[in-house]
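Working notes for the structure below.
By convention here, the first residue in the shown sequence is residue 1. Only a predicted model underlies this, so the values are computations on that prediction, with no experimental measurement involved.
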Amino acid sequence: MTFQLAPGIDESTFRAVDGRVQTEFAYHQPGLLRRTLGRRGAQWLVLQVWASVEAAQRAFDASPLGSEFMALVDSDSLSVERYEGVD
């Protein structure tokens with residue numbers, strides 16, 4: 001998932017919520033293998049590796065933190081792509 005922050009959202013606010021998503025929610029979900037945050041200028045990347053597409057979808061739909069996280073994201077800049085592992 002790539003995106004820019006919503007107007008008026010500062011990096012420290014975003015990083016605090018992202019940190020909560022990672023420690024309080026993400027790594028407690030069945031099927032999550034890896035999650036990391038990256039940045040290039042104003043563009044952010046959340047890379048998650050899941051055991052299956054189904055596990056990823058169930059986890060995100062169930063998270064109240066997901067809504068809080070998404071409120072910080074500029075929805076016009078949001079791009080979500082899914083790839084299938086090959087090894």
Quiz item: At their closest point, which heavy atom of Ala6 faces which heavy atom of Ala71, and how far apart are they?
Solution: CB-O, 4.1 Å
Self-check item: Cluster overlap Leu78 with Leu45, hydrophobic side-chain contacts below 4.5 Å
Solution: no
Quiz item: Does the side chain to side chain contact (heavy atoms under 4.5 Å, CB included) test come out yes or no for His28 and Thr23, once each step is laid out?
Solution: CA-CA 8 Å; His28 298 278; Thr23 59; over 6 Å; no
Exercise. Answer with yes or no whether the side chains of Tyr27 and Gln29 bring together a donor and an acceptor at under 3.5 Å.
Key: no
Quiz item: Quick one: salt bridge (Lys or Arg N to Asp or Glu O under 4.0 Å) pairs with a partner in residues 30-45, sequence neighbours left out?
Solution: Glu11-Arg39, Asp18-Arg35
Quiz item: For the atom pair CG (Leu37) and CE (Met1), what is the distance rounded to the nearest 0.5 Å?
Solution: 9.5 Å
Practice problem: Check whether any side-chain heavy atom of Leu5 sits under 4.5 Å from a side-chain heavy atom of Val73, and report yes or no. | Solution: no
Quiz item: Distance from Phe14 atom CZ to Ile9 atom CD1, nearest 0.5 Å?
Solution: 10.5 Å
Self-check item: Ala55 to Pro30 - nearest heavy-atom pair and separation
Solution: CB-O, 3.8 Å
Quiz item: Between Val80 and Trp44, is there a shared hydrophobic cluster once you connect ILVMFWY residues whose side-chain heavy atoms come closer than 4.5 Å?
Solution: yes
Exercise. Would you confirm whether Ser77, through its side chain, and Phe3, through its main-chain N or O, come within 3.5 Å as a donor-acceptor pair?
Key: no
Quiz item: Can we call the ring centroids of Phe69 and Phe25 under 6.0 Å apart?
Solution: no
Self-check item: Where at least one partner belongs to residues 64-77, residue pairs that pass salt bridge (Lys or Arg N to Asp or Glu O under 4.0 Å), sequence neighbours excluded
Solution: Arg20-Glu68
Quiz item: Which distance, rounded to the nearest 0.5 Å, do you find between the CD of Gln43 and the OG of Ser79?
Solution: 8.5 Å
Quiz prompt | Cluster link Leu47 to Val53, ILVMFWY, side chain under 4.5 Å | solution = no
Self-check item: Gap between atom CD of Gln22 and atom CG of Leu32 - 0.5 Å precision
Solution: 8.5 Å
Quiz item: Taking atom CD of Gln48 and atom CG of Leu33, what is their separation to the nearest 0.5 Å?
Solution: 10.5 Å
